[in-house]
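For this chain, numbers begin at 1 and follow the sequence in order. Computed from heavy atoms alone, side chains included, the values below leave out hydrogens, waters and symmetry copies. What you see is a predicted model, and the numbers here were worked out from it, not measured in a lab.
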Amino acid sequence: MKHLFDELSFSISKLTTRKYSTSFSMGILALKPSIRSAIYAIYGYVRLVDEIVDSFHDFNKEKMLQNVKRETEEALNEKISLNPILNSFQQTVHKYDIDKNLIDEFLQSMEMDLKKINYDSNLYKTYIHGSAEVVGLMCLKVFTEGNQKIYEDLKPYAMKLGSAFQKINFLRDLKKDYRELGRTYFPNLNVMAFNNKVKVLIENEIENEFKEALIGIKKLPHSSLFGVYLSYKYYISLFQKIKSKSSNEILIQRIRVPNTEKAWVAFKSYLRHKTTFY
């Protein structure tokens with residue numbers, strides 16, 4: 001009867017994804033049905049850990065993170081967990097042969113969020129790799145469904161896409177990260193001196209990464225191509241909104257894309273996808 005618990009586990013990961021991210025939820029719906037549950041499982045796990053360091057301020061976050069690290073090890077070793085999100089994640093890791101190093105690097109970046117760090121270029125790259133690029137690689141393992149050659153060919157592009165997504169998140173959440181969490185990820189950045197010139201430099205980095213990432217998106221298997229392309233287009237629309245705002249506006253408000261606009265992006269992306277990729 002374990003299959004009932006497994007079904008429940010994946011359902012909770014799916015619910016978690018839908019609760020926290022309409023953009024990724026819509027992107028996942030555009031994937032082939034047989035791989036959707038695995039991406040829900042990855043997102044659910046990443047969100048679970050991220051919430052510890054970002055939201056649970058009235059609790060012992062260090063202890064909670066250490067507990068999750070230990071429970072993750074146990075789940076991977078024993079191939080089961082009473083935590084439904086961990087249970088669905090461990091199944092996905094084993095089914096798609098996701099490298100344990102990717103999980104360790106992700107958890108390392110989450111530990112960095114518990115410390116007051118003045119990020120230089122090296123620490124910035126380390127954090128982005130562990131918090132975003134490795135998540136892209138976990139998903140790529142699912143998208144390529146065991147084809148190691150395609151996985152190796154597309155790794156650099158998946159990392160660029162994850163990095164671009166994360167840097168957009170940094171810009172979008174600059175106000176919250178600095179004022180509420182005391183974080184500034186961009187290297188050697190004094191937020192009080194954040195201006196349009198600095199903002200444009202960051203945006204140029206993101207644009208270059210998006211250009212490279214799109215090359216890889218076009219090479220994905222058809223089972224995942226539209227879903228990833230749709231997520232890419234959602235972030236492009238958010239990026240355009242951020243670019244249209246001044247540095248001062250970024251510091252006083254969180255930029256978002258309304259669901260009605262996301263639906264329009266999805267429709268236009270579908271039409272472009274059908275005419276461009278097939």
[X] vs [Y] side-chain heavy atoms within contact, under 4.5 Å:
X: Glu207; Y: Phe239; value: yes
X: Ile35; Y: Ser224; value: yes
X: Leu48; Y: Thr16; value: no
X: Ile128; Y: Met159; value: no
X: Phe186; Y: Tyr119; value: no
X: Lys155; Y: Leu140; value: yes

Nearest atoms (heavy-atom pairs only) where [X] meets [Y]:
X: Ile242; Y: Leu171; value: CG2-CD1, 4.0 Å
X: Ile215; Y: Lys219; value: O-CG, 3.5 Å
X: Asp97; Y: Lys141; value: O-CE, 3.3 Å
X: Leu107; Y: Lys69; value: CD1-CG, 3.9 Å
X: Leu102; Y: Val134; value: O-CG2, 3.6 Å
X: Asn87; Y: Ser9; value: ND2-OG, 3.0 Å

>> Does Asn195 form a side chain to side chain contact (heavy atoms under 4.5 Å, CB included) with Lys199? I'd like the steps, not just the answer.
In response: CA-CA 6 Å; Asn195 56 36; Lys199 179 173 173 284; over 6 Å; no
For residues 38-47, which side-chain N or O atoms pair as donor and acceptor with protein atoms under 3.5 Å away, sequence neighbours left out?
{"residue": "Tyr43", "atom": "OH", "partner": "Arg47", "partner atom": "NH2", "Å": "3.4"}
{"residue": "Tyr45", "atom": "OH", "partner": "Thr72", "partner atom": "OG1", "Å": "3.0"}
{"residue": "Arg47", "atom": "NH1", "partner": "Asp50", "partner atom": "OD2", "Å": "3.4"}
{"residue": "Arg47", "atom": "NH1", "partner": "Glu51", "partner atom": "OE2", "Å": "2.9"}

> Can you list every pair that meets salt bridge (Lys or Arg N to Asp or Glu O under 4.0 Å) and has a residue in residues 24-39, with sequence neighbours left out?
Replying inline: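 Residue pairs passing salt bridge (Lys or Arg N to Asp or Glu O under 4.0 Å), neighbours aside: Lys32-Glu145.
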> Does the pair Ser246 and Asn196 meet the rule for a side chain to side chain contact (heavy atoms under 4.5 Å, CB included), with working shown?
Replying inline: CA-CA 6 Å; Ser246 69; Asn196 289 331; 3.9 Å; yes
Is it the case that the side chains of [Y] and [X] hold a donor-acceptor pair, with the cut-off being a distance below 3.5 Å and no angle test?
X: Asn169; Y: Tyr235; answer: yes
X: Ser81; Y: Glu74; answer: no
X: Thr17; Y: Ser25; answer: no
X: Gln66; Y: Glu111; answer: yes

Ignoring hydrogens and geometry, is there a side-chain-to-backbone donor-acceptor pair from [X] to [Y] under 3.5 Å?
X: Asp120; Y: Leu123; value: yes
X: Ser244; Y: Lys241; value: yes
X: Glu133; Y: Ser163; value: no

>> In this structure, would Phe56 and Met112 fall into the same cluster of hydrophobic residues linked by side-chain contacts under 4.5 Å?
In response: yes
> Which residues satisfy the side-chain contact (heavy atoms from CB on, under 4.5 Å) test with Asn147, sequence neighbours excluded?
Replying inline: Lys149, Ile150
>> Applying side chain to side chain contact (heavy atoms under 4.5 Å, CB included) to Tyr127 and Gln166, what does each step give before you reach the verdict?
In response: CA-CA 10 Å; Tyr127 183 84; Gln166 186 66 296; 4.1 Å; yes
> How long is the gap from CE on Met64 to NZ on Lys61, to the nearest 0.5 Å?
Replying inline: 10.0 Å
